[in-house]
Chemist: 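The following block contains the structure, expressed as structure tokens.
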Amino acid sequence: QHYFIQSNLRMGALLTFLLFLLNCSVSAAANKLKLSILMFRHGDRSPTTNIPNDIYTTDSWPQGPGQLSIIGKESHLENGKFFRARYTDPSSETYLGLNPDYKRVEVYVQSTDKDRTLMSAESFLAGLFPPPADNNLTNPLDVWQPIPVHTRPYSTEKMLDGPPVPCKAFKEGYHETMMHNADFVSFMEDNKETTKKIFDVCGWKARPDLLATIKVMESTYDTLFCEISHNFTLAKEFVEADLYNLIVPYSKVRWGLWNAMTDREKAFNGGVLLHELKKRVRDALEGNNEHKLVIFSGHDYTLAAILTCLGVYDGVQTPYATVLAVEVWETEEGGHVIRLIRHHKDEDLISYTLPGCQESGCTEEQFYSLNANLEMSEDDILDKCNETSWPDFAPSLDKNVLFVLLCVTILFTLCSLIVTTIYLCSLKKNTKYSSLGAVEHRSLLADDDFLA
């Protein structure tokens, strides 16, 4: 009996070991991460605007307005460490095959031409790729290595920094859309007295319309938020007026306006980035690009623009150092799944379900067709900006619809030609060709306004 028990124990241990090996083999054959495209907002910064009646000025901040703070640098350093663990560890289910030591051919980084976004990208890379142990460098480079971050001047940026400047079509269209938005106009009308109080307390001059007014409100909110976040004591007048709590609703309304845009306005903001995402995915799957990791460093409106174009924006301003990741997975069956996730240190990892896709992600076809009417290449966005009229339905006409319209147009033209020919033949048959008739006929043609 003792021998029988020992045999059973050995058999159980063997079965457990075999099941473990089987599980390992299944995991190895499971979905494999092929590409990741990261898009993030810069880290914590100083305010970009001074409030006229504030006790603080540009000089109150160590590096001046709109500059990355120590907190902002640290948050992106931690983000880099998070994605290093996610993408460079072979034992992780999210292993990207990314070399833990920086390899130029595997990584591409681009930022808007703002100090805070460039420095956020550099801080992120410091956490993602610490120098290898055998770098033979001395301080301070033994804890940091330079990695290229590409950028463009603001005047030529078309993808990460909002619509090109100037963009007449967007400016005029957006103004018209918002000034006819019932919810926005109603909110501003209902809060006239509060708006006047805020302007008086802050020392702002009246603005010409509601859109210009709420932009001032958003700037004021941002400045107060920065001061509170950095433990500044607010001006006595601001505290007595409860200024911060009065202005919070305006900021919420302003960010909610993203979902009130027309398709044209959404395309001007995020259409180029949407086009770039799809191109990067397609190139990677077709073997036309060696990059395993692509990083874009931008702003809150950069993330709002792409989330709006993807159809999943919640109308809430994204916190500092929020990271969006488009991950491309190869399935066991040889297909591909594209997923969108969001990482922030104060949140659990969020996985989005994109429109028309499954909870587990999008197929290639679903992802490529997702809001394709909003895509815009860099080559044609400037032309679109200069157009005075661009019907909202125009971008949504796919190739099949255009083909049908072309066929209908050709058919209509042929029918018109046939009817015209029959009529002219009938006219010729019944006309007497006297010299007088010929003169009268030519006179009628000569007097025709179209021919003249």
Side-chain angles (χ1 to χ4, degrees), residues 19-20 22-41 79 82-98 106 259 266 270-271 273-289 291-296 302-316 318-319 322-375 398:
L19 286 172
F20 172 76
L22 179 62
N23 182 62
C24 289
S25 64
V26 170
S27 298
N31 295 355
K32 180 181 179 182
L33 189 55
K34 302 287 291 183
L35 170 72
S36 179
I37 305 172
L38 303 182
M39 301 162 284
F40 53 70
R41 183 189 179 190
N79 280 343
F82 173 86
F83 282 96
R84 177 179 176 83
R86 183 174 179 84
Y87 291 153
T88 68
D89 182 2
S91 65
S92 171
E93 293 180 355
T94 56
Y95 178 52
L96 182 59
L98 191 67
E106 294 184 345
N259 287 325
K266 293 175 183 176
L273 182 53
L274 179 64
H275 179 78
E276 179 71 8
L277 293 182
K278 294 183 181 183
K279 182 178 182 299
R280 291 273 181 182
V281 170
R282 187 179 285 108
D283 285 349
L285 296 183
E286 292 176 356
N288 297 328
N289 199 316
H291 295 142
K292 296 179 180 180
L293 180 63
V294 178
I295 300 171
F296 295 122
T302 309
L303 301 192
I306 192 59
L307 288 172
T308 301
C309 282
L310 291 171
V312 290
Y313 185 51
D314 60 5
V316 178
T318 51
T322 296
V323 185
L324 298 178
V326 174
E327 295 184 337
V328 182
W329 295 77
E330 183 178 11
T331 66
E332 295 180 65
E333 296 77 19
H336 295 93
V337 173
I338 295 92
R339 297 171 183 160
L340 175 67
I341 63 172
R342 165 173 160 164
H343 166 73
H344 188 271
K345 65 181 182 64
D346 295 331
E347 303 171 344
D348 292 332
L349 200 67
I350 296 174
S351 181
Y352 292 92
T353 301
L354 298 177
C357 300
Q358 299 73 38
E359 189 175 342
S360 58
C362 300
T363 64
E364 291 177 62
E365 294 75 15
Q366 290 170 336
F367 184 70
Y368 295 149
S369 63
L370 178 60
N371 290 340
N373 59 304
L374 302 182
E375 288 183 62
D398 61 22

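Worth knowing before you read on, the calculation uses all heavy atoms, side chains too, and leaves out hydrogens, waters and symmetry mates.
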Chemist: First locate atom CZ of Phe296, then atom CD of Glu276, and finally report the distance between them rounded to the nearest 0.5 Å.
Modeler: 5.0 Å

Chemist: Strictly distance-based, threshold 3.5 Å: is any side-chain N or O of Arg41 a donor or acceptor partner for the main-chain N or O of Thr318?
Modeler: yes

Chemist: If only atom types and distance count, is the side chain of Asn259 paired as donor or acceptor with the main-chain N or O of Tyr313 below 3.5 Å?
Modeler: yes

Chemist: Would you check, one step at a time, whether the test side-chain contact (heavy atoms from CB on, under 4.5 Å) holds for Leu274 with Ile306?
Modeler: CA-CA 7 Å; Leu274 179 64; Ile306 192 59; 4.0 Å; yes

Chemist: Check the surroundings of atom CD in Glu286: do more than 12 heavy atoms from other residues, nucleotides or ligands lie under 6.0 Å from it?
Modeler: yes

Chemist: Between Ser369 and Gln366, is there a donor-acceptor pair closer than 3.5 Å when you use the side chain of the first and the backbone of the second?
Modeler: yes

Chemist: Using the rule given for side-chain contact (heavy atoms from CB on, under 4.5 Å), can you reason through Leu293 versus Tyr87, listing the C-alpha separation, both sets of side-chain angles and the distance that settles it, and then say yes or no?
Modeler: CA-CA 9 Å; Leu293 180 63; Tyr87 291 153; 4.1 Å; yes

Chemist: Step by step, would you call Leu307 with Leu340 a side-chain contact (heavy atoms from CB on, under 4.5 Å)?
Modeler: CA-CA 10 Å; Leu307 288 172; Leu340 175 67; 4.1 Å; yes

Chemist: Between Leu38 and Phe83, is the side-chain contact (heavy atoms from CB on, under 4.5 Å) condition met? List the steps.
Modeler: CA-CA 10 Å; Leu38 303 182; Phe83 282 96; 3.8 Å; yes

Chemist: Is the shortest side-chain heavy-atom distance between Val281 and His336 below 4.5 Å?
Modeler: no

Chemist: For residues 330-360, pull every pair meeting disulfide (SG to SG under 2.5 Å), keeping only residues two or more places apart or in separate chains.
Modeler: Cys357-Cys362

Chemist: Check each of His343, Glu93, Glu327 against Arg86 using the side-chain hydrogen bond (donor to acceptor under 3.5 Å, both in side chains) test, and report the only one that passes.
Modeler: Glu327

Chemist: Do any N or O atoms from the side chain of Lys278 and from the backbone of Tyr368 form a donor-acceptor pair under 3.5 angstrom?
Modeler: yes

Chemist: Between CD of Glu332 and NZ of Lys32, what distance do you get to the nearest 0.5 Å?
Modeler: 13.0 Å

Chemist: Given side chains that start at C-beta, do those of Val326 and Met39 come closer than 4.5 Å, heavy atoms only?
Modeler: yes

Chemist: Test the Arg342-Tyr352 pair against the cation-pi criterion, namely NZ or CZ under 6.0 angstrom from the six-membered ring centroid and within 45° of the ring axis.
Modeler: no

